[in-house]
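What follows is a set of notes on a single structure, which appears directly below.
Per chain, numbering begins at 1; letters A, B, ... match sequence-line order. If you're wondering where the values come from, they're calculated on a predicted model, not measured in any experiment.
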Amino acid sequence: MKSEPAVYGIDELAAQPLQTDHWEGVRNYQARNMLRDEMRPGDLALFYHSKCPRSGVVGIMEVVRAGYPDHTAFDPESKYYDPKSDPDRPRWHMVDVRFERRLARTIPLAELKANPALADTLLVQRGNRLSIMPLTPAQWQAILDMEREGGFTAAL
DNA sequence: GCCAACGTTGGC
DNA sequence: GCCAACGTTGGC
């Protein structure tokens, strides 16, 4: 699950009460379908920082509430307002996620792209802009296996 | 800031 | 339903 850290980063999630928050603002139908139809409590997700100097995977979250209507779409004051969504027929959905842990290091996109085990992921494919993408168990493990590689020079 | 890639909109 | 124009994403 991607988010721009300048807008909402993993530190903000970790600072929430119960380290839990709703994942608001997704306005893409393919991503919406995953939020609404596929993600279930207990599912794990990676937190990916996008559009920043160190884009990459930064941590792990757990889905704690399945898809439900994204109320920010109903709020004219919200930057995520969409007049075509209304409470009777909500167009956009979100899930609740809980911070689990940060990774020992940020795994940068360049490393993800260089890992043959991830060649089939949507994340590393050209031009992909989806903010929520599925991973197979093997892909998930391949990413976590990279956590301890080559990252010991960056002191915390 | 640039720009390629992609999704959405709307005229026809 | 086609498709050009436009807006957005996001790496670099």
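- Taking only distance into account, the side chain of A/R129 meets the base of C/dT8 through a donor-acceptor pair shorter than 3.5 Å.
- When A/R36, A/R27, A/H22 are each tested for a side chain to side chain donor-acceptor pair (under 3.5 Å) with A/D70, only one passes: A/R27.
- Side-chain atoms of A/E111 and A/N115 include no donor-acceptor pair closer than 3.5 Å.
- Heavy-atom nearest nucleotides on DNA chain B were determined for A/K84 and for A/G127, and the one closer to the 5' end corresponds to A/G127.
- Taking atom CH2 of residue A/W92 and atom P of nucleotide B/dG7, one finds them 12 Å apart after rounding to whole Å.
- Here the side chain of A/Q30 is nearest to one of B/dT8, B/dG7, C/dC12, namely B/dG7.
- Across the protein-nucleic acid pair, A/L130 atom CG and B/dT8 atom P stand 10 Å apart, rounded to whole Å.
- A/W92 and A/D82 form a side-chain donor-acceptor contact under 3.5 Å, judged by distance and modelled atom types alone.
- Note: NZ (A/K2) to P (B/dC6) measures 12 Å, nearest angstrom.
- Cation-pi check for A/R65 over A/Y68 is met; the charged atom lies under 6.0 angstrom from the ring centroid and within 45 degrees of its normal.
- Residue contacts for A/L123: at a heavy-atom cut-off of 4.0 Å it reaches no nucleic acid atom on any strand shown.
- Here C/dT8 presents its P atom at 13 Å from OH of A/Y80, a figure rounded to the nearest Å.
- Distance CG (A/N28) to P (C/dT9): 10 Å, rounded to an integer number of Å.
- Close to C/dT9, at under 4.0 Å from its OP1 or OP2, lies no side-chain N or O of A/Y48.
- Between A/N128 atom CG and C/dC12 atom P the separation is 13 Å, expressed in whole Å.
- Judged purely by atom type and a 3.5 angstrom limit, A/R105 uses its side chain to pair as donor or acceptor with the backbone of A/E147.
- Following rounding to the nearest Å, A/I107 (CD1) and C/dG11 (P) show an atom-to-atom distance of 15 Å.
- In terms of phosphate contacts, A/K51 brings no side-chain nitrogen or oxygen within less than 4.0 Å of OP1 or OP2 of B/dG1.
- Side-chain atoms of A/R126 lie closest to B/dA5 of the nucleotides B/dT8, B/dG7, B/dA5.
- The separation between A/Q125 atom CD and C/dT9 atom C1' is 17 Å, rounded to whole Å.
- The side chain of A/K113 places an N or O atom within less than 4.0 Å of a non-bridging phosphate oxygen (OP1 or OP2) of C/dC12.
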